[in-house]
Structures are given as C-alpha cells and as structure tokens.
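A short write-up of the structure that comes next.
The figures here come from the full heavy-atom set of this structure, side chains too, leaving out hydrogens, waters and symmetry mates. Chain letters run A, B, ... following the sequence lines, proteins first, then strands; residues in each count from 1. Everything quoted here is computed from the prediction, not taken from an experiment.
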Amino acid sequence: MALLEIRDLRVYYYTLLGAVRAVDGVSLEVERGEWVGVVGESGSGKSTLALAIMRLVPPPGRIAGGSIVFDGVDLTRLSEGEMRRIRGRRIGMVFQDPMASLDPVRRIGDQIGDVFLEHGVASSREEARRLAGEALEMAGLPRDWVDRYPHQLSGGQRQRALIAGAVALKPELLIADEPTTALDVIVQAKIMDLIEELKRELGMTVILITHDISLAAERSTRIAVMYAGKLVEYGPVDAVVEDPLHPYTRGLLESAPDLWGEKRLKGIPGYPPDLRRPPRGCRFHPRCPVAMEKCREEEPPLVRVGDRLVACHRALMRR
Amino acid sequence: MAGESRRARILAGLAAPFRGPGRGLFTAGFIIVMVFVVMAIFAPWIAPYGPTERSVPLKLAAEPQPPSWGHPMGTFQLGYDVFSRIVWGSRVVLYVVALSAILSMIIGVPLGLVSGYYGGALDRALSMVMDSIYAFPGIVLAIAVASVLGPSPSNAAISLSVVYVPTFYRMVRGQTLEIRESLYVEAARALGFPDRVTLLGHILPNVAPTTLVVFGLAATDAILTEAGLAFFGLTVSYPQPDWGLDLRMAMKDILNGVWWTTFFPGLAITLLALGFALMGEGFSERYAIRTER
Amino acid sequence: MPAGEILVVEGLKKYFVKGGGFLGGPRRVIKAVDGVSFTLRKGETIGLVGESGSGKTTTGRLVLRLLEPDAGRILFEGVDITHLPESKLRPMRPRMQMIYQDPYWSLNPRKPVGEAIAEPLIVHRLASRSEARERALELLERVGLTPPEDFYWRIPAQLSGGQRQRVVIARAMILKPELLVADEPVSMVDVSMRAEILRLLKDFQREYGLAMIFITHDLSVARLVADRIMVMYLGRIVEAGPAEEVLRDPRHPYTAALITAAPSVRRRRRRRYEIRGEIADPSNIPPGCRFHPRCPRATERCSREEPSLAEAGDGRLVACHNPLPRGWLAKWLEGEGQAPEA
Ligand SMILES: Nc1ncnc2c1ncn2[C@@H]1O[C@H](COP(=O)(O)OP(=O)(O)OP(=O)(O)O)[C@@H](O)[C@H]1O
Ligand SMILES: Nc1ncnc2c1ncn2[C@@H]1O[C@H](COP(=O)(O)OP(=O)(O)OP(=O)(O)O)[C@@H](O)[C@H]1O
Ligand code: SF4
Ligand code: SF4
Ligand SMILES: [Mg+2]
Ligand SMILES: [Mg+2]
C-alpha cells in the first residue's frame with residue numbers, strides 16, 4: 001500500500017472575488033521510501049497541496065473535496081486533535097518562508113523543543129532543549145546552538161535548524177516546500193545532501209516542492225508537474241525528463257537554463273490563468289503550442305499511461 | 001485615446017475614496033461637510049432671518065426664546081434666530097478652516113519634501129523649528145499669533161496655519177525620507193531625471209494620499225481651535241456671526257436653564273469636526289495609511 | 001562589433017559603515033566592493049556572477065555612479081566619471097542605463113506604465129509629449145505588452161512580475177543607451193517567461209550595439225547571455241575569462257564549486273567539487289586569500305598572502321596561488337579519482 005494516496009483533492013480559497021481553485025482535482029500516490037519532486041510555476045498550487053496534506057490550509061482556504069489517505073487513514077476525516085498527533089510526529093514539514101517560520105525573539109532550542117513537548121516526548125523544557133540539541137546535531141549544526149537566536153544564523157544555517165525541527169521526531173514523511181529558494185547554489189546543494197542523508201538514516205519518504213525543475217530532477221524518484229491547480233504529469237524522473245508527455249512539462253524543461261544543456265532557451269508564451277476564472281477545457285490551452293479544437297472544450301482527464309499519469313488530449317492520442 | 005484615458009483616470013481617482021474599503025466613513029463625512037458647504041453658499045436662501053435681524057417682537061427680545069415652530073433652534077438674547085446664525089456663521093467657520101488648512105498644506109508640504117529629499121543643514125534647522133512649534137499647545141499658539149495680528153477671519157486663518165504647518169511638514173518629511181531610499185527614486189536618478197522631476201513627479205504623488213489624510217486631521221482640529229479663537233473674539237466681532245463667539249455670548253444662559261443657545265452652536269462645531277474626521281479616516285482606510293498623532 | 005572600450009574600471013572600492021554612532025551598535029566596515037578592475041568593450045556582455053552578498057549589485061551601482069566610490073576610477077567612453085558632479089553626469093545618464101532585480105519596486109506605483117516609459121524622452125527633451133507617447137506605445141508592443149493601448153494606462157499593481165520587468169526594459173531602452181547594467185533581471189520572473197525576457201535584451205543589444213553588465217547568481221543564465229564571465233567573491237573578482245571556457249574549465253576552486261553545485265537536468269548526480277561552509281561576513285573578511293577558510297586547496301601561503309588577479313593564459317584571469325590545472329574538470333567529472341591536490 002502506498003504511504004500517501006491523494007484522490008481528487010480540491011482545495012479552494014473562498015475570497016470576496018470568487019473561489020480560487022488552487023488545487024483542483026489532484027490525484028497522486030507516493031510509495032514508502034520515495035523522493036517525489038513537485039514542480040510548477042508560482043501560483044500553481046504547490047504550497048496549497050502541501051498545506052492540505054498537513055491540514056493547515058489557512059482561511060479563507062478549505063479542503064473542498066477528495067481524500068488524502070496517509071498510511072491507510074483519510075486525513076481529511078480526522079479531528080483536529082487526531083491530526084495534531086500526526087503533524088510533526090509522522091509527517092514533518094519545512095515551510096516555504098523560513099523567516100516567518102522562526103520566531104525572532106525565541107532561542108532556536110526552545111523553538112525546536114516545542115515539538116517534543118507537544119507530543120509528550122519530553123516532559124520538561126530542559127529535556128526538550130537537550131533533545132533539540134541532538135536534532136541540531138543531526139542537521140549538521142553544533143549542539144550548543146540551542147541557545148542562539150535566529151538572526152545569529154546564516155540563511156543556510158536557519159534552513160538546517162528548520163529541517164532539524166521537522167525531522168526531530170523521525171517522521172515517516174517529510175514535506176519540504178522550497179527549502180532552498182533563497183539560498184545560493186553551493187548551500188542549496190548541501191541542504192539537499194542533508195535531506196538525502198536524513199532520508200536514508202531515518203528511512204523517510206520525501207516530498208520536495210520547488211519551482212526549479214532541475215533541482216527536482218536531481219534526486220527525485222518521481223516528479224509531479226502542476227499547472228494552474230492541476231496535476232498535469234506524474235512519473236519516474238528519467239521518463240518525465242527524457243520524454244515528457246505533457247506539453248507543459250516539455251515547456252518547463254525547455255525554459256530551464258542548464259549549464260550542461262543546449263545553449264538556447266525557449267519559453268512558454270503567455271501567462272498562467274487567474275484561478276478564479278480558469279479557462280474552459282484544458283487549463284493550459286491558451287499557452288499550448290499543440291492545442292487542438294477539443295482542448296478548448298473538453299478538460300483532459302488524468303490518465304495512466306504505463307507508469308505515468310498525464311492529463312493531455314494529445315498525449316493520449318500519441319499512445 | 002490617450003486623452004480620454006487620462007480623463008477616465010482622473011475621474012476614477014476622484015471617485016476612488018467613494019469605493020473600496022473605508023467608503024462608508026468617507027461618504028458619511030463627505031455628506032456632513034457638504035451640508036455645511038451648501039449652507040454657507042446658500043445662506044441667504046436657507047436662513048429664515050439675517051444674522052443680526054431681530055426676529056421676535058421687541059418685548060420678547062430681552063430673553064432667549066426656546067425652540068418653536070418659527071424658531072426651530074430658539075433665539076438668542078436680542079432676538080437673533082439661532083438657526084439663522086448657525087447658517088450664516090458657517091461662512092466664517094468654513095472660510096477660516098479651509099483657508100488655514102490650505103495655507104498650512106501649501107507651506108508644509110514643499111518644506112517637508114525639500115527637507116526630506118536633500119537632508120543636510122537645511123533639514124536639521126527646519127526640523128528643529130517645526131518640532132518646537134509642534135510641541136507648543138495649538139490653541140495657545142494660535143491665540144498668541146492672532147492677538148499679534150489682530151482680530152479678523154483672515155488673520156485667524158493665518159494663525160491657525162502656523163499651528164498646522166508642522167503637522168504637514170513632519171508627515172511629508174518622514175514619507176519623503178522613506179521614498180527617497182526606494183528603488184524607483186534611484187531609477188529616476190539613473191534615468192538622469194533632475195531633482196525637480198523626481199520630487200514633483202515621483203515623490204509628491206506618493207505622498208499625496210497621506211497629505212489628504214493629514215488635511216482631514218488638520219481641518220478637524222482647526223474647527224475646534226477656530227472655535228477657541230472665536231471664543232476670545234479673535235475672528236469676527238460681535239454681533240457678526242461665528243459659532244465659537246455665539247457660544248461664549250451664550251455661556252451665561254446655561255445658569256438660567258437656557259440650553260438651546262449653547263447646545264446648537266456646539267452641535268454645529270462638533271458635527272463639522274466629525275465630518276472632516278470621518279473623511280480623513282475613510283481616506284486613510286482606503287489607502288491603508290497609518291498616521292501617528 | 002566595434003572593439004572599442006566603452007567602460008574601464010580600475011581598483012574600485014566601496015565600504016559601507018554600519019553602526020558606531022550613539023546606540024548604533026558596534027562599528028562595522030562592510031567591504032562590499034574591495035578592489036575591482038575590468039574592461040567592457042562595445043557590444044560585449046559581461047556576466048557578473050557570485051553568491052549573495054558578494055558585491056555584484058554594489059559594483060553595478062558604482063559603475064553607473066549611483067553610489068559614490070571610495071577608491072578607484074571609472075572611465076566611460078574615455079571620460080573619467082569617477083568624481084563628475086551630478087549636474088555634469090546627468091546629460092550622460094541616458095547613455096547608461098540600469099535594470100533592477102525587483103520589478104515590483106523599480107517602478108513608481110502611481111505612474112501609469114506607458115507614461116513611465118515615455119517620461120525619459122520628455123524629461124531629456126528628446127521628443128515632444130505626443131511623439132514620446134507614440135514611441136512608448138511602440139516599445140510596449142515591442143516588449144510584448146499587446147495591445148499597447150491596453151497597457152499604457154495600467155499602473156504597476158495591475159501587471160504581473162514578468163510584465164513589469166518588460167516595462168522596466170522598455171523604459172531603459174527608449175533612450176537607446178550604449179551601456180546597460182542588468183541586475184538579475186530574470187531572477188524574480190517565472191521560469192517560463194525568462195527566455196522571452198532574455199531574448200528581448202539580446203535583441204535590443206544587437207540593435208543598439210549595447211554593452212551589458214549582466215549580474216546574476218545563476219551560472220546557467222550567465223552562460224546564455226555572456227561573452228565573458230567574471231566571478232566575484234567577497235568584493236573581489238576571483239576569476240574572469242571567455243564564458244564557455246570559464247564554465248568548461250574553471251581554474252579557481254570557487255568557480256569550480258559554483259559550476260558543479262548548479263542543479264542540472266542534463267547531468268543529474270554529477271560529482272560535486274565540495275567547499276566548506278558559507279560565504280563570510282563582508283565586514284570580517286579573512287586575511288590572505290579571502291576564500292581560504294573554505295578552500296580545499298588552501299596552503300599555508302593562502303592565509304598570509306592575498307593572491308592578485310593574474311593572467312593564467314588564453315585571456316583567463318585567476319586570483320589564486322594554486323589554480324586548478326588546465327582542462328581538469330571534464331576529466332574529473334567523468335572519471336573517478338580525487339580532486340587535484342594543490
Ligand atoms: N490565503 C490565500 N487567499 C487567497 N488565495 C490564495 C491564498 N493563498 C494562496 N492563494 C492562491 O492560490 C493559488 C496557489 O497558491 P500556492 O501558494 O499554493 O502556489 P505555489 O505553487 O506554492 O506558488 P509559489 O511558487 O509562489 O509558492 C495562487 O493563485 C494563490 O494566489
Ligand atoms: N546601502 C548599503 N548599506 C550597507 N551595506 C550595504 C549596502 N548595500 C549593500 N550592502 C552590503 O554590501 C554587501 C554586498 O552587497 P550587494 O548587494 O552588492 O551584493 P550582491 O552580490 O548584489 O548580492 P545579492 O545576490 O544578494 O543581490 C552585502 O553584505 C550588503 O549587505
Ligand atoms: S490537452 Fe490540449 S491544450 Fe492541454 S496540454 Fe494537451 S494538447 Fe495542450
Ligand atoms: S589562493 Fe589558496 S586559498 Fe585562495 S583560492 Fe587559491 S588555493 Fe584556495
Ligand atoms: Mg509556494
Ligand atoms: Mg544584488
């Protein structure tokens with residue numbers, strides 16, 4: 001059985017100007033021990049998807065439908081109390097904005113220690129701080145940095161501290177939302193090493209969210225590509241990267257500059273749609289170079305093709 | 001095309017405070033203020049009597065008369081109709097308040113812009129002067145200046161503007177300091193724009209909404225201070241109509257249980273102040289402007 | 001391409017002083033740019049790369065005299081502009097332009113974007129109001145904001161990040177400059193729109209014979225636009241040379257680390273040339289070679305003696321006592337073995 005099985009998930013933000021369909025009918029499964037890279041441009045719904053798994057979608061957002069089955073349990077049906085026992089303990093998350101995830105006036109050790117107290121692993125502040133020290137060490141920071149404040153850490157070190165907090169209770173699943181976006185490539189590579197090492201040591205499953213398809217491609221076993229709230233392609237990394245089925249995946253790959261790739265760059269014309277009023281039919285059709293008449297009218301279903309999922313009329317014809 | 005769009009933009013700009021957040025507050029304030037403006041402009045048609053017209057028979061004129069059908073707000077001593085004097089008085093009040101707010105804006109805004117943009121010795125000197133004026137209690141300062149200049153509505157406006165110039169100056173200077181560091185001001189320099197263009201074309205428009213909020217605050221405060229000046233006879237001289245002055249002349253009535261001669265002028269002052277305050281509040285909500293007061 | 005030099009920079013320095021005053025905390029001198037020299041030829045693009053805080057933006061602003069240099073010289077078209085007063089500089093400014101990283105704050109939030117594009121022409125009296133407007137409409141069309149009439153009166157808040165960056169480019173280009181400093185012009189733009197913006201810059205460059213300093217932290221972007229690459233570390237240039245050669249055969253250990261760390265779809269799971277730690281605080285620059293605490297090739301000499309940027313053959317400049325051997329990277333990436341020892 002898959003560790004995580006998402007079925008037809010819909011998450012909408014109910015704003016005054018209409019419902020933003022940030023995640024709209026996403027289905028995917030993640031096996032134990034996998035590293036899944038979720039890619040897509042800004043606003044495609046990546047963070048919303050992650051927050052939905054954690055049941056932390058902020059208002060006016062709400063899970064509007066579908067299921068998220070984690071190790072046999074549908075998370076969408078759990079009470080807040082039951083969910084709290086899963087968060088941090090069985091699913092750890094590194095949030096997108098590192099500055100907002102750390103309280104500037106509390107010591108790092110106390111902030112990481114919270115997770116031990118919350119789950120009753122530590123019975124006192126002291127014990128929690130000691131455990132936090134161990135977690136820091138696991139993330140490659142000195143144990144005695146529990147006494148430091150966030151501003152005393154560099155960007156990369158702060159990210160390590162956040163990862164330490166997320167994996168402190170040795171969760172089965174780690175969701176990392178753009179953990180390296182603000183960091184330089186050298187530091188980024190080291191953070192990725194750290195996640196990979198922790199994954200191996202703790203036997204974790206990893207979901208890495210990023211807008212950078214090259215980063216996602218580097219260590220993932222499978223890649224999920226999102227566009228305008230939809231999952232458009234999902235499959236083993238080699239297949240997706242070498243032979244993308246969906247025109248958007250192809251476009252993303254061609255617009256990612258690559259030191260070792262071709263020296264010419266193609267973009268995708270146009271702009272992503274307003275998710276309050278997404279285009280009819282395929283959401284990508286206004287930008288798609290190979291759109292057909294059918295694409296304007298009929299929404300392509302997410303269909304299994306071999307070991308892949310893809311949502312595109314053309315890709316299905318090709319089969 | 002371009003010309004039409006410009007007109008559309010200006011119209012949209014004028015309509016902006018009536019839309020979006022804060023529109024309720026702004027519209028309410030606007031209506032109140034407009035009622036007084038209409039009163040002032042059409043005073044001869046609205047007021048049933050002249051400001052110094054004896055509106056009751058001579059034998060009743062010695063004492064204030066309570067509200068009645070003929071005199072909905074009663075009369076003052078000497079038989080002056082309270083409602084009529086409020087209507088006529090709005091002319092003086094609005095004149096003094098508007099003139100003072102405009103004067104202080106015209107002086108305070110450019111000084112704040114220049115001071116904030118160039119900094120240096122000029123900025124330090126100006127800031128010191130402005131801060132010391134600002135620290136002075138407004139009413140005391142206004143009375144002091146007005147007594148030197150002599151009683152007249154225009155002089156009252158000038159003395160009030162002395163009080164409110166620092167309010168505009170401080171706010172504009174602070175904002176200019178902030179905007180000066182912004183990327184689009186550096187971009188203007190990179191494009192080789194002279195300071196004049198940067199100041200008037202790029203900084204001023206971004207200071208303008210806050211300036212209008214401060215205008216509302218200053219006008220609100222000026223109404224109360226004007227009433228104070230009038231109270232001491234520093235605007236017009238009795239029996240010319242002015243709410244603050246009427247208030248003072250009627251003070252003694254309170255002891256005789258005569259409430260309408262103080263209540264209605266006081267109400268007029270409060271309402272007009274409320275009108276300006278609501279406009280400013282609504283405007284600041286519209287543009288999410290925080291003001292330190 | 002004419003081969004003349006448009007910009008010569010010698011020994012440029014900029015130190016920022018922080019704190020030190022009353023209640024200001026300890027006094028710190030941030031050596032943001034600490035002795036930078038280079039030459040830019042007409043029509044050429046230099047890619048200025050380096051990690052965050054290495055001084056790239058500061059260098060760009062200094063070159064355009066948007067900051068006052070503390071030392072060094074800047075020659076623009078042979079004219080020494082290092083200490084030219086703003087009044088003398090102003091008429092020259094249309095010839096040198098800047099594009100900023102942040103498309104959100106480099107435009108006046110209350111000015112319609114069409115007017116913002118037309119304004120430079122009007123201010124410099126290069127066109128009448130209506131001519132300027134016509135030109136602005138043309139440029140809007142040219143940068144792909146069509147129909148231009150629709151975009152002319154929009155304010156920046158009504159545009160996406162990518163669209164704003166197009167406006168910023170149009171505004172800089174309306175003056176037909178000879179020198180452009182583009183500071184990370186695509187780093188805040190969505191991936192799918194980067195190609196379009198880079199192509200625009202390249203097109204304008206060809207058309208106007210523009211010389212460009214293209215600042216980026218992303219080597220793979222630099223590779224697409226730059227003729228030459230300069231790698232900056234803690235306020236200094238540590239390696240410079242023809243773009244493709246620097247990227248294929250880095251000689252400075254830091255360049256090698258940058259190149260092998262960049263994520264790539266084409267070479268997944270490649271070997272990485274590892275260096276220690278993170279970039280140091282520019283207010284506390286290590287003695288000797290400023291890279292030595294992180295350098296795998298550091299020797300005792302490195303902590304004592306600062307290497308100067310010197311010729312290493314084939315137009316390559318390297319600031320290192322023990323540069324990597326020529327042609328090592330390709331072999332190393334394929335082969336097994338250790339990284340070459342110093
Ligand atoms: N609190 C909110 N209220 C309303 N709309 C929201 C809210 N949060 C997100 N959205 C909208 O939902 C959509 C998806 O947002 P989300 O943050 O999930 O995207 P993302 O793929 O993570 O993007 P990014 O790469 O910018 O982080 C966007 O259109 C966004 O504007
Ligand atoms: N106006 C300033 N005042 C004080 N310090 C500054 C100022 N501008 C830059 N610095 C400092 O100078 C150093 C170099 O900054 P700079 O912005 O030039 O780096 P950069 O290479 O452009 O980095 P990034 O990739 O983050 O944009 C940094 O440590 C920065 O904090
Ligand atoms: S369904 Fe049609 S429009 Fe959508 S991606 Fe496939 S071909 Fe393009
Ligand atoms: S000079 Fe020494 S420390 Fe500096 S880069 Fe070269 S080998 Fe490394
Ligand atoms: Mg996100
Ligand atoms: Mg920079």
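Comparing C:His124, C:Arg110, C:Met98 by heavy-atom pairs within less than 4.5 Å of chain B, the highest count is held by C:Arg110. The candidate from C:Glu119, C:Gln97, C:Met92 with the greatest count of non-hydrogen atom pairs under 4.5 Å with chain B is C:Glu119.
Proximity to chain B is absent for every atom of C:Leu64, based on heavy atoms less than 4.5 angstrom apart. Using a 4.5 Å cut-off between heavy atoms, C:Ile155 touches chain B through its side chain atoms alone. Heavy-atom distances place the backbone of C:Arg65, and not its side chain, under 4.5 Å from chain B.
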As a quick check of understanding, evaluate side-chain contact (heavy atoms from CB on, under 4.5 Å) for B:Leu111 and B:Met130, giving each step before the final call. CA-CA 10 Å; B:Leu111 286 181; B:Met130 293 292 177; 3.6 Å; yes
Please step through side-chain contact (heavy atoms from CB on, under 4.5 Å) for the pair C:Ile117 and C:Arg135, ending with a clear verdict. CA-CA 9 Å; C:Ile117 296 171; C:Arg135 283 281 292 141; over 6 Å; no
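Pairing each heavy atom of B:Thr176 with each of B:Tyr117, the nearest pair is CG2-N, 3.7 Å.
More than 12 heavy-atom neighbours from other residues, nucleotides or ligands sit within 6.0 angstrom of NZ on C:Lys111.
Aromatic ring pairs are classed by plane angle as parallel below 30°, tilted from 30° to 60° and perpendicular above 60°; the pair C:Tyr208 and C:Phe204 is tilted.
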